[in-house]
Amino acid sequence: MVGLLLASGLWWPAGAPVARYDALTLAAILIQVALVTLRLETRREAAVILLFHVVGTAMEVFKTAMGSWVYPEPSVLRIAGVPLFTGFMYAAVGSYIARAWRLFDFRFTAHPPLWAGILLSVAIYANFFTHHFLPDARPLLFAAMVVAFGRTWVHFRIRAIHRRMPLLAGLVLVALFIWFAENAGTFARAWVYPAQRGGWHVVAPEKIGAWLLLMTISYVMVWTVQRAGPQACADDPARGQRYIRR
């Protein structure tokens, strides 16, 4: 998706019979079909990713209406001024988490219960809307993330060996790379923030925090899918601890 945003922004021909945003939407659909057809993504994973697509598009409609950012180019495939390819950008995050979870055989120590993750996700999603009218609850939400996941370690398998890292560190790193992708997207003028209307510049680093919160929602959505599969426990040979496959 990042490659498509950059390539279309640099080389999309003027006067093309298909609008750039519509072409991005069609390409994203083809990518999603290919992932399922080639079994790189299971149908169950695709279903929860579709839900994330809907959640992301709903937030996009609200945010653009509030003037948080704009999509400056015309298109046919859009809802309330939001091109449909945008939902696939959110879905791409969920797709990445689901595939990494499966390929690297994620297992966890000191993981919070699912209900705690759901409550935190609902609060985060609500704050994306309410902070336009009420005090921003992000400091409290970051604190809640530390309380919920501060003790959690994720164990990931590289070849035959499970290695580990703090789950929060992993989420922060993914949020950082999403911020890199966001800079690429705005450089290609796929969308524009108000401060970028006079010319492109780096997206404010504060956005990494917003992506970290959004990452939590995506993580919990994928978590619900993974919990639907078989549960297993095994010894952590490096620490002599028990870890649970969720």
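All values below were derived from every heavy atom in this structure, side-chain atoms included, with hydrogens, water molecules and symmetry-related copies excluded.
- The hydrophobic cluster containing L6 does not contain W12, counting ILVMFWY residues as joined when their side-chain heavy atoms lie under 4.5 angstrom apart, directly or transitively.
- Here the closest non-hydrogen pair linking A19 and S75 is CB-CA, 4.0 Å.
- In the hydrophobic clustering of this structure, F149 does not group with V147; members are Ile, Leu, Val, Met, Phe, Trp, Tyr whose side-chain heavy atoms approach within less than 4.5 Å, directly or through other members.
- Follow the hydrophobic side-chain contacts under 4.5 Å out from V70 and you never reach V82; the two are in separate clusters.
- Two rings, from F85 and F88, have their centers 6.0 Å or more apart.
- For R78, the CZ atom sits in a packed shell: over 12 heavy atoms of surrounding residues, nucleotides or ligands are nearer than 6.0 Å.
- Hydrophobic clustering (ILVMFWY, side-chain heavy atoms < 4.5 Å, transitive): L212 and L140 are in distinct clusters.
- Here the side chains of M145 and L213 are in contact, with some heavy-atom distance below 4.5 Å.
- Between F106 and W153, the distance from one ring center to the other does not fall under 6.0 angstrom.
- A donor-acceptor contact under 3.5 angstrom links the side chains of W69 and E60, judged on distance only.
- Scanning all heavy atoms of the two residues, the minimum distance from L4 to S8 falls at O-OG, 2.7 Å.
- When ring centroids are compared, F133 and F129 stay outside the 6.0 Å threshold.
- Separation of the F108 and H155 ring centroids does not fall under the 6.0 Å cut-off.
- Of the charged side-chain nitrogens involved, at least one lies within less than 4.0 Å of a carboxylate oxygen, so that D105 and R107 count as a salt-bridged pair.
- Using a 4.0 Å cut-off between charged side-chain N and carboxylate O, R99 and E45 make no salt bridge.
- Checked against the 6.0 Å centroid threshold, Y219 and W101 count as a close aromatic pair.
- M89 places a side-chain heavy atom less than 4.5 Å from the side chain of W191.
- Between W223 and H111, the ring planes lie perpendicular to each other; the angle is over 60°, past the 30° to 60° tilted range.
- Closest approach of A110 and T152 over heavy atoms only: O-OG1, 2.8 Å.
- In the displayed structure, Y96 atom OH is contacted under 6.0 Å by at most 12 heavy atoms of other residues, nucleotides or ligands.
- Taken to the nearest 0.5 Å, the CZ atom of F52 stands 6.0 Å off from the CE atom of M221.
- With hydrophobic clusters built from ILVMFWY side chains whose heavy atoms lie under 4.5 angstrom apart, V222 shares a cluster with L103.
- Dense packing is recorded around OH of Y125, with more than 12 heavy atoms of other residues, nucleotides or ligands lying under 6.0 Å away.
- At a threshold of 4.5 Å between non-hydrogen side-chain atoms, the residues L120 and V220 do not count as touching.
- Within 6.0 Å of CZ on F180 lie more than 12 heavy atoms contributed by other residues, nucleotides or ligands.
- Here the closest non-hydrogen pair linking I124 and I217 is CG2-CD1, 3.7 Å.
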